[in-house]
Amino acid sequence: MRRHPNSWPVFFFFILFLNPAILADSVYADEYLKVTGPCRFQFPRDHGAHPGYLVEWWYYTGNLSDPAGKRYGFQLTFFRTQISPPGLESRWPDPASAWRTTQLFLAHAAISDLDASRFYFDQQMARGALGLAGAEQQGDDTRIFLGTWSALIKSGKHFLKARADNFEINFTLVPAKPLVAHGNEGHSLKGIKPESASCYYSFTRLETSGTLKIKGKPVKVRGTAWMDHEFSTAPLEPDVTGWDWFSLQLENNTELMIYLLRTSQGGYSSASSGTFVLPSARTRHLSVKDIQADILDHWKSPHTNGVYPSRWRIQIHPLKLDLILEPNLADQELITPETTQVNYWEGSVSVKGKIADKEIKGVGYIEMTGYANPFNLLK
Amino acid sequence: MDTSLKEPLIVTQGLTRIYNLGTTQVVGIQDIDLEIPSGELVVLKGESGSGKSTFLSLLAGLDHPTAGRLRAAGQNLHQATPDELNRYRREVVGMIFQSFNLLPTLTVVENVCLPALLAGRPYQEAKNQALKWLEWLNLEKRLHHYPTELSGGEMQRAAISRALINEPSIILADEPTGNLDSRNGRIVIELLSELNRSFNRTIIIATHSKLADSFATLQFYLKDGKITETIA
Amino acid sequence: MRRLRFFIKLQFWFSLRQMRAHYWRVLAVLFGIAIGAAVFTSIRLAVDASLDSFTQSMSLVSGKTDWVVTRPGGRVPEGLVARLNVHPAVETASPLLTSYIKIFGEEAEPFLLIGMDPILDRSLRGWQVKKTKQRDVRLWLDLVREPNTVILSQRLAQRYNLKPADIVTLEHIHQVSKFRILDTLQPQGLALVNGGQIGLADISTMQEFTGLQGLVDQIDLRLKPNVTGDDLADLKNLLPPGIILETPTRVKETGDMMIRAYQLNLSLLSFVSLFVGMFLVYSLVALNAASRRREVAILRSLGGSKRLIFLLVLSEGLFLGIVGWLLAIPIGSILVKYMVQGVSSTISHLFVRVHVDGLRLDPWEILLSFCVTVFICLLAAYGPAREATSIAPREALFLQDSMPRQRRFGRQITLLGLLLIALAWPLSKLPALSGVSVGGYTAIFFLVLGSSFLSLWILQWMGSVFPPLLSRLGGEPAFLGGRFVRDAGRRTAVSVGALVTAMALFVALVIMIHSFRSTVALWVNQTLAGDLLLRPKMAGFNQYRDHLPEDVVRVLRALPDDVQVLPFRQVLLHYAKTPYQIEAIDIKLFLNYGSFLLLKGNFEKIVDPVMTGQGVLVSEVFASQTGLKIGQRYRAQFGKSIMNVPILGIVRDYRTRGGVVYTALEPFQRMSGNYEWSGARIFFKDRRQDLKKSAEDLKAMIFRDIGQSHPLEIISGEELRREILRIFDETFAITTVLLLIALLVAGLGITTTLTVLVLERIRQLNTMVAVGASAGQIRSMIFWEAVLMVMAGESLGLICGFFMSYILIYVINRQSFGWTFLYQVDWSALLVSIPLILATALIAALPATLLVLRSSPALVLKES
């Protein structure tokens, strides 16, 4: 049985935004739905929301360029959280207000204008009611939306729209490979305890095209994107101080996803892992022992004084993979004082290295958390 | 120096003052012609209503004549403006009243200083000057008393000090002994005489009492507003 | 500099020592000034505090809102929120649903419960629970996810001894429900609104509690920067008919305007005390100067200039002003607390709810009060100062004090007085300026001043004509008293003038208040008729937006046949910036039991069209404030429908907070599509029964049936009348207090005058004793002088007061508030008060009589 990696980063990422609230509801965790075995995905049904599970996200990142060769990175993420355990609706007043809901939605969008060295970020939050936010399905189409931001998943195409103060995206994404279910049919273990699990799949390579507007100036872009969809109820294990997550798309039509959980004792948790996706979309699970990650440089944030790794060397020995990852822009830090007070680094990187002694290049995204604030969920 | 060639201190020509009270006219003085040289002790004599006070008030610059000329200390008082009269009252004349006319809310030394302060002199200078005269007049023990705490004689001596503080060339006294007993009255007349002799002030006393007669160097008798007799 | 030092020295020697020697009269004047200044300042501070509270509340509630989406007289569908939030020009669109709520079982004031979406609202309004934001995040999430949860302001929680995790029962017309308190708000931002009496709930909870699922009161918009006119137009097009976009300051501007106008009215009224105090200063300074003629002459004879004398006397006024103002500080600091209470209560009743938290000592107000007080005193001292310069230096030679000649001014003053009185009439015809009856107040001022100027003539007249009669009544002393009054001249006239002022105002106000009260009582009985009046609890607070729930309507419909239920619909609207209510009721049925006090219009001709909804009746206030007249169209929008009918009649109505438009219920319901009841009036058909008992029984029955689950206000007609009159009495309490203070100050003036006049005549009086007059006869003479002075003041004041009452009712009230009343004189109150004032004034004469007999005649006559 192949053990597949899981996407802790996004899960934790989400937890960061709601940390005390949700954590305090761990008492309710027993009442939420749990992932206990194979997820038995059915599509397009499972592109939609999974109420009853505590958290869920649809996570898009990508690297694009315009006809002049200017490069951009983008991120659009929708999070859903269940704010009260399933079944509690029976205790609602009758008739209940249309504002009453069990779902809260958050969304992040970011654009890295790499050649101009500018980074733009926006965030939104709304309850899942009255058309303010939600994840709806009509026929085969799934639409996740929050305000004017939306991800529409149709069969064979994804459409992303978001309008922020400084930028606007309108992208069409076409999967170049079928989706990949991580773990055992999507059942992805997240920790030492068996109840720590999620349902998780990804589109690891999406051909992307569309219009990007930065400060009102439109530009046509093309490139590749990555999409994660995951849902879970599992709380995080306590000794984790942060994580580093990598999604890399290599020019030989393979993809690599690595997740490294840093512990308070130093080093990485044994739950850390990775996935290698072959051109055929077959996957190979990577355990923490297979992965060697070295930090080559650091960057100190002028905003938060957090010191982030800024250059990595990733070696996957079983694959004879030796890659150097460099951020395409030093400052891709997201700062969120208003909502979550958690700051992290999420940005576009360039990949250069060797696979079995052959030169290889690629693009990707790295997410690094816990460097600016101590990532301590129990506080 | 031949003093007889010097201008007299006070000269009047046809000096007249008539009062209008409603529809009636009352003659204060009429056609007074006289000359008073400097350094004299003049007594104006006459009964009540003879015009002494009227004449004195004109000499003091307290009033304006209806007609005639009045020249005193080189100033034509009949033509003087209110400001000029004010200055004249401060600097040329020292006035002593029958009812003393000390301000009841001021102490003795404050009363005496008042004319000097009104003339714009510094307070310390005024006080020193006041103390000098008050000592001369034996009032050094009464400096901070109010008028209501003084006897009649003391009040009049204080009033005399006040009249002297600006070193006036003319001292006018309207019935200075009128409110005093004979002993105190005599003391006051002697003081005025002393001022005339030792300090060479020109003193003009309006009185119907005989106390001052023996000290006078010049006397005028008034009746019904006119001079009836002059005794040098 | 030396001159200044000397002047100050002289001031101390000459004036202040004199004042110290006669400190009682000085204290009396200082007290009068102090009271006047204290009243003036504390009134202004009190209204400022209300204004601050109101402005702050409005600002805090509106927060960073740029525009507000509302439906006049109704509520906004919630579906608009999402559509507005995705509009490119909108940063955030946040819904609000608010209501005044009571804690079940507590009779105290309700608090404001604000229902909102904490997420949409976070960039508009500020509130914080604990010092760290982490806790806040968790708390608003609890608010959202858990039904029936609330966060209370710290002050509210403390008041009812509530803590986080406590359960509290809240009541609203829709239901009575238990709530769990999550936490308390830090006293900042939104928690300061409504004097800190506030709670926050999630909008879902609020809708469920109030039964308003699907609706919100308003949607507050914060727009993106650089929004253009086209964007706004586009936004407006998005809105369905009947729903408008308006600025958040509309409510603030209206309230602001009303409070400021009220402040000006009250300031002018409080100024009266200071004004009367001016007479006191004039009295004292003039009397001082006059009684020390001799000393002034001595000063002149010693070389003091006219200018010196002028400044010396004037600075007495300055001294009285400054010290009086300083004395006002402790008085004012006590007074202001009561003023704040009274004023804020009145403003809440008449205009908008205010809840004063604290008092701000505005340095400008303090400076204003200082300057006004000192100016008044300088003005008062100016006349005597000028007069003192006319004292001739030769008076120093006189043996006795002389009396100044005054007769030649007498005629001029009298003519001036008549002229001022004559000018009052055309002035009263002038229109108002920004809601302030400038012409009216000026007319009153001229009337009062003119009447005061006539006091010289009337004293002379009385002193000439009355003595023969007086000698028959009181013998020789009375005769002499009369003669003296005739010759006493301007100084006496001034004190009498003060009494005239105070008396006139008193009379005018007694008449006005009585007229007002009687008319209001009539209105309540006729137009607010009802054996029982029923509406949702706190309907007034909640601006009549809540309607009676179906359950309640059902119970009312099921009442027995001997009871007539008259439902009505009440909606609060705005005509331009003017708030008003429309009341729709079955006019035909109503006229069986009550009536309208028709001011304009022919009742016979208009009753049928009004009953069938073909025209409306508007209140006098509505007509005054909007300028609409009979025959013009009344136009208003209700949802998609527009009402456009002629105004057929103008009626008297004394509702607070704006005018009212009456229309027939059924046509209104059909037109608006809204069949809800705002409330109901209940009548017993058999009018011969014991109505009071029947009403009590019915009230108890309704409470039993439905009152527990749907909090209602049920009040009998009689209780309502009492309540309304109580509010009006409260409103006028301040005015009455101000007037009594003015009377007190005037009384002090009489005391002072009499005392000093005695002192001036001490020689004459002791001469009388020396020639055989007894102490009793002297006292009697002074007594008769006092009688004549007071009679002069009272009679002039009475006549002036009648004219003033007319101006107050038909000019000032109409221009300031929009209403007039039926003129009615409370003869009993007037007739009782007149001898009372006389008696008080005569007590004021006592010090003078005691004084005259204190000194020995012999001493005084010694000098002659």
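In the text below, chain A, chain B and the rest are named by the order of the sequence lines, each starting its count at 1. This one's a predicted model, so the numbers in the text were calculated from it and none came from an experiment.
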Quick check: closest heavy atoms across [X] and [Y], and the distance to 0.1 Å?
X: L118(B); Y: L302(C); answer: CD1-O, 3.7 Å
X: S301(C); Y: F97(B); answer: OG-CZ, 3.7 Å
X: G120(B); Y: R2(C); answer: O-NH1, 2.6 Å

Quick check: are there more than 12 heavy atoms from other residues, nucleotides or ligands sitting under 6.0 Å from [atom1] of [X]?
X: D224(B); atom1: CG; value: no
X: E84(B); atom1: CD; value: yes
X: R483(C); atom1: CZ; value: yes

Hey, which residues of residues 304-324 of chain C are touching chain B, say heavy atoms under 4.5 Å apart? G304(C), S305(C), L308(C)

Is it the side chain or the backbone of [X] that comes within 4.5 Å of chain C heavy atoms, both, or neither?
X: R87(B); value: neither
X: P122(B); value: both
X: N86(B); value: both

Counting heavy-atom pairs under 4.5 Å with chain C, which one of P104(B), P82(B), G61(B), A119(B) comes out on top? P104(B)

Taking every heavy-atom pair that is under 4.5 Å apart, which of E175(B), E110(B), M95(B) has the most such pairs with chain C? E110(B)

Once side-chain hydrogen bond (donor to acceptor under 3.5 Å, both in side chains) is applied, do any residues pair with Y146(B), and if so which ones, sequence neighbours excluded? R17(C)

Under the rule for side-chain hydrogen bond (donor to acceptor under 3.5 Å, both in side chains), what residues qualify as partners of R71(B), not counting sequence neighbours? E7(B), N76(B)

Residue F14(C) versus chain B: region with a heavy atom under 4.5 Å: both

Please classify the contact of R5(C) with chain B as side chain, backbone, both or neither, using a heavy-atom distance under 4.5 Å. neither

Euclidean distance, D63(B) CG relative to E395(C) CD, rounded to 0.5 Å: 11.0 Å

Interatomic distance, S99(B) atom OG to R294(C) atom CZ [nearest 0.5 angstrom]: 4.0 Å

Short question: side chain of R90(B), backbone of G303(C) - any donor-acceptor pair under 3.5 Å? yes

So, applying side-chain contact (heavy atoms from CB on, under 4.5 Å) with W13(C), which one of N111(B), L103(B), L106(B) is it? L106(B)

List the atom pairs, with distances to 0.1 Å, where a side-chain N or O of residues 124-133 of chain B and a protein N or O form a donor-acceptor pair under 3.5 Å, not counting sequence neighbours.
| residue | atom | partner | partner atom | Å |
| --- | --- | --- | --- | --- |
| E125(B) | OE2 | R121(B) | NE | 3.2 |
| N128(B) | ND2 | Q124(B) | O | 3.4 |
| Q129(B) | NE2 | E167(B) | OE2 | 2.3 |

Please evaluate residues I298(C) and L102(B) with respect to the criterion side chain to side chain contact (heavy atoms under 4.5 Å, CB included), reporting the C-alpha separation (whole Å), side-chain torsions for both, the decisive distance (0.1 Å), and the verdict. CA-CA 8 Å; I298(C) 293 169; L102(B) 295 172; over 6 Å; no

Side-chain touch R20(C)/T105(B), heavy atoms, less than 4.5 angstrom: no

Side chain to side chain contact (heavy atoms under 4.5 Å, CB included) between F7(C) and L117(B), intermediate numbers included: CA-CA 9 Å; F7(C) 180 79; L117(B) 297 171; over 6 Å; no

